[in-house]
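The first residue of the sequence shown is numbered 1, and numbering continues consecutively from there.
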Amino acid sequence: MIIPCFTNSKNNPLKKPLITLVVVLLFASCGSVQKYNQQIATLHSVQELHEDVDVAYKKLQKLHPRLYLYTPKETLDAKFDSLKMTITKPMNSHDFYKKMTETVANVRQGHAGVIAPIRKLDKKERKLRNKKKFELNNLNFEYLDDAVWVKSTVDKDSALIGAQVQKINDELVSDLVKKYSKRFSSDGYNTTFYNRRVGLFLSRYYYYDNGRFDSIQMTFKKNDSVFKKMFRRIPKDSVAGKIKKDTVKKTPKKLTKAERKLAKKKRKLKFKNNSKYGYIASKKHYTRNFKFIDSNRIAYMKIRGFTRGEYEDFYKEVFTKIDSAKSKALVIDLRDNSGGRLKEINELYSYLADKDFKFIEDGETNVRFPTLKALRSRRSTSFGGAVSKGIATPILFFRDLFRVRKENGKKYYKFKSAKLQEPKPLKYGGPVYVLINGHSFSASSVLSVNLQASKRATLVGEETGGAYNSTVAGFTNTVTLPNSKVQVYFGLLVLETPYKRSLEGYGVQPDVKIIPTQNDRLNNRDPELDWVLNDIKK
């Protein structure tokens, strides 16, 4: 591709048109933000909202490959008809979102939901917002024993760990939990997913409900003390709201050529490691983690998700270390891992399989070009995004053309992971334990099914949020409703392993069921891992 070069030459024929194009795009971007904000704040007529309901349901019926797997057609028809009957007066997009999301949750498939219409920021507002951080983001919550607790903190406020969250502003957290639990779904009839999800994403659902806010007050209870704390947006270069000020202005040290070279090498290594381990800057932790327990005899791998960074080097490094250490057991912690890439879990399983394997079946779909459909459904928010979409369109068209086949009146997408594969030469053949809970979802559940069904692992914890038999995910289609601009999303492909159970609509059941309590947290106990370590000793 030839990239135009801007020079100072007055005779450059491309200079003026390109500058004009950039200016036009900037004004168009500002105009689209204002138009969107006005659209979602407008009171939409009853007829317009009914039209949006019909559009959403028709798209689900047309594109979702197993819409009625858990909820019969007549029941789902009645739910959408009932939604229209409750809309008797004009409302804005945000109020409509609250109604729509509870109806879509009746599909009972965790990859189907509704995106909240949040007011967009213009360029100036984004610039100001990026200079600040929200103190609330330092807290990690967990739902245990019918209450929400502060599980951990990123920076300060470690004294809040173990405190029960009673109120957000003037709303009882118990009421919020009941309300938010109706706005999403697990796969099928599973219930463990709800408690885990609502705890982990409490502040996010409050944001969806109320839009952006610059401060929030929470009421906590710890031991016998009840207290309130205000969380604000503060400058990034501040501590507890006070801007750091250096009393002495430091002059940067002038580095030698050798020092600059060494510094560059360190930056490259850090970048590579951050990608390999999947560093999350906002949480100050890694997605993929590994260590040895008990003098290299037990290998422990904590995987928070299968979505970030380059994973091949990580797994090769880990299993090389395990092989060198002659580890007697491997623990894989998938608790609160909500899923991610099919390629990554296939890669991990290939180090654990003890014979040739077929990881997944070809994916049933209603769409002839699923990846292209998913791409085109995404709203481009920038000029670069629009260009990238344009470049990717013909590539995905031809890929889908060769990967989608028709068989017995149905369409199937050919996954690479559906081929018969050999285990890695560096495969690990010792005992494997997998820790799971209700928020082990999507790809985590698919991996857990394969490991349990092939008898390559003992699963410890609670039932996964993702279903055992199948999940509808793969590529996500997003439908923007014409009047409210509320977005409905859902998967386009059925993901299922070669293994099935007669009981439909439930997650992967642990071989050893262990549910942690708040008392375990207060005493710094990990009952699932403790059981595994004791079992290995036996």
Side-chain angles (χ1 to χ4, degrees), residues 63-70 107-112 186-188 190 306 334 337-374 396 399-424 434 436 440-457 459 464-477 490-509:
L63 302 176
H64 197 291
R66 291 188 183 173
L67 183 61
Y68 307 113
L69 180 61
Y70 303 120
V107 174
R108 288 186 175 277
Q109 302 201 34
H111 292 90
S186 64
D187 280 347
N190 163 281
F306 298 109
L334 297 181
N337 181 325
S338 59
R341 296 171 290 200
L342 175 60
K343 287 183 179 180
E344 183 170 347
I345 56 174
N346 184 91
E347 179 81 0
L348 174 53
Y349 185 78
S350 66
Y351 283 99
L352 302 170
D354 54 5
K355 57 186 176 182
D356 290 358
F357 65 94
K358 183 180 182 182
F359 190 68
I360 203 165
E361 301 286 1
D362 285 342
E364 182 185 339
T365 181
N366 284 351
V367 184
R368 179 64 184 86
F369 299 94
T371 56
L372 185 59
K373 181 71 177 175
L396 296 182
R399 188 173 80 164
D400 285 349
L401 191 64
F402 292 106
R403 286 201 179 185
V404 176
R405 75 178 195 278
K406 286 187 178 181
E407 186 178 305
N408 298 325
K410 292 183 178 180
K411 300 182 187 74
Y412 292 90
Y413 182 87
K414 187 177 181 180
F415 289 112
K416 287 186 177 180
S417 301
K419 295 179 180 179
L420 188 65
Q421 304 170 68
E422 295 180 353
K424 295 280 188 183
V434 180
I436 55 174
S440 301
F441 187 69
S442 191
S444 292
S445 295
V446 173
L447 176 61
S448 298
V449 170
N450 275 284
L451 287 169
Q452 186 183 60
S454 62
K455 302 187 185 304
R456 273 301 291 125
L459 272 57
T464 64
Y468 187 100
N469 284 349
S470 67
T471 186
V472 178
F475 308 114
T476 301
N477 186 70
F490 49 90
L492 295 175
L493 300 177
V494 176
L495 273 70
E496 53 189 353
T497 72
Y499 308 103
K500 296 288 181 292
R501 282 182 173 171
S502 58
L503 187 62
E504 187 70 79
Y506 289 92
V508 186
Q509 300 291 339

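Ion pair Lys358/Glu361 flagged as a salt bridge, since at least one NZ, NE, NH1 or NH2 atom sits closer than 4.0 Å to an Asp/Glu carboxylate oxygen. At a threshold of 4.0 Å, the pair Lys411-Glu364 does not count as salt-bridged, since none of the basic side-chain nitrogens sits closer than that to a carboxylate oxygen. Salt-bridge annotation for Lys424 and Glu347: present, with a side-chain N of the basic residue lying under 4.0 Å from a carboxylate O of the acidic one. Salt bridge status for Lys373 with Asp400: absent, with no side-chain N to carboxylate O gap under 4.0 Å. Between Glu496 and Arg66, at least one side-chain N (NZ, or NE/NH1/NH2) sits under 4.0 Å from a carboxylate O, which counts as a salt bridge.
Between Thr365 and Val494, every side-chain heavy-atom pair lies at or beyond the 4.5 Å cut-off. Looking at heavy atoms from C-beta onward, Pro423 lies in side-chain contact with Asp356 at the 4.5 angstrom threshold. Between Pro498 and Phe359 there is no side-chain heavy-atom pair separated by less than 4.5 Å.
For the residue pair His111 and Thr476, no side-chain donor N or O sits within less than 3.5 Å of a side-chain acceptor on the partner. Residues Tyr413 and Arg403 have side chains that bring a donor and an acceptor to within less than 3.5 angstrom of each other. Checked by atom type, the side-chain pair Ser454/Tyr349 shows a donor-acceptor distance below 3.5 Å.
Here the CD1-OG distance, from Ile436 to Ser444, works out to 10.0 Å after rounding to the nearest 0.5 Å. Residue Lys416 holds its NZ atom at 11.5 Å from CG of Leu342, rounded to the nearest 0.5 Å. With values rounded to the nearest 0.5 angstrom, Ile360 atom CD1 is found 8.5 Å from Asn346 atom CG. Expressed to the nearest 0.5 Å, how far OG of Ser442 lies from CG of Asp187 amounts to 8.0 Å. Asp362 CG to Arg405 CZ: the interatomic distance, rounded to the nearest 0.5 Å, is 4.5 Å. In this structure, Ser448 OG and Leu459 CG are separated by 5.0 Å, a value rounded to the nearest 0.5 Å.
Between the side chain of Asn469 and the backbone N or O of Arg501 there is at least one donor-acceptor pair closer than 3.5 Å. In this structure, Arg456 contributes its side chain and Leu352 its backbone to a donor-acceptor pair below 3.5 Å. Using a distance-only test at 3.5 Å, with no hydrogens or angles considered, a donor-acceptor pair links the side chain of Gln421 to the main chain of Ser417. At least one donor-acceptor pair under 3.5 Å links the side chain of Ser440 to the backbone N or O of Leu334. The main-chain N or O of Ala467 is never found under 3.5 Å from a side-chain atom of Thr471 such that the two would form a donor-acceptor pair. Using a distance-only test at 3.5 Å, with no hydrogens or angles considered, a donor-acceptor pair links the side chain of Asn190 to the main chain of Thr464.
Considering all non-hydrogen atoms of both residues, Tyr70 and Arg108 come closest at CD1-O, 3.2 Å. Between Val404 and Pro370, the shortest heavy-atom distance links the atoms CG2-CD, 3.7 Å. Considering all non-hydrogen atoms of both residues, Gly340 and Ala443 come closest at N-CB, 3.5 Å. In plain terms, the two heavy atoms of Gln452 and Tyr468 that are nearest each other are OE1-CE1, 3.8 Å. The heavy-atom pair separating Gly110 from Phe441 by the smallest distance is CA-CZ, 3.6 Å. The nearest pair of heavy atoms linking Gly363 to Leu493 is O-CD2, 4.2 Å.
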Practice prompt. Begin from the C-alpha positions of Asp354 and Lys455 and carry the test salt bridge (charged side-chain N to carboxylate O under 4.0 Å, His left out) through to its verdict.
Written response: CA-CA 10 Å; Asp354 54 5; Lys455 302 187 185 304; over 6 Å; no
**Request:** List the steps and the verdict of side chain to side chain contact (heavy atoms under 4.5 Å, CB included) for Val367 and Leu63.
**Result:** CA-CA 6 Å; Val367 184; Leu63 302 176; 3.8 Å; yes
Should Tyr499 and Asn450 be marked as a side chain to side chain contact (heavy atoms under 4.5 Å, CB included) after you check the CA-CA gap, both sets of side-chain angles, and the distance that decides it? CA-CA 8 Å; Tyr499 308 103; Asn450 275 284; 3.6 Å; yes
| task | With side chain to side chain contact (heavy atoms under 4.5 Å, CB included) as the test, would you mind laying out the steps for Leu495 and Phe415 before giving the verdict? | result | CA-CA 10 Å; Leu495 273 70; Phe415 289 112; 4.1 Å; yes
**Study point:** Check against side chain to side chain contact (heavy atoms under 4.5 Å, CB included), Lys410 and Asn408
**Key:** CA-CA 6 Å; Lys410 292 183 178 180; Asn408 298 325; 5.8 Å; no
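Ring pair Phe490/His64 is tilted by interplanar angle, where 30° to 60° counts as tilted.
Taking a 6.0 Å sphere around CD of Glu504, one finds it holds more than 12 heavy atoms contributed by other residues, nucleotides or ligands. Around NZ of Lys414, the count of heavy atoms belonging to other residues, nucleotides or ligands within 6.0 Å does not exceed 12.
Taking the ring centre of Phe306 as origin, the terminal cationic atom of Arg341 falls outside the region bounded by 6.0 Å and 45° from the ring axis.
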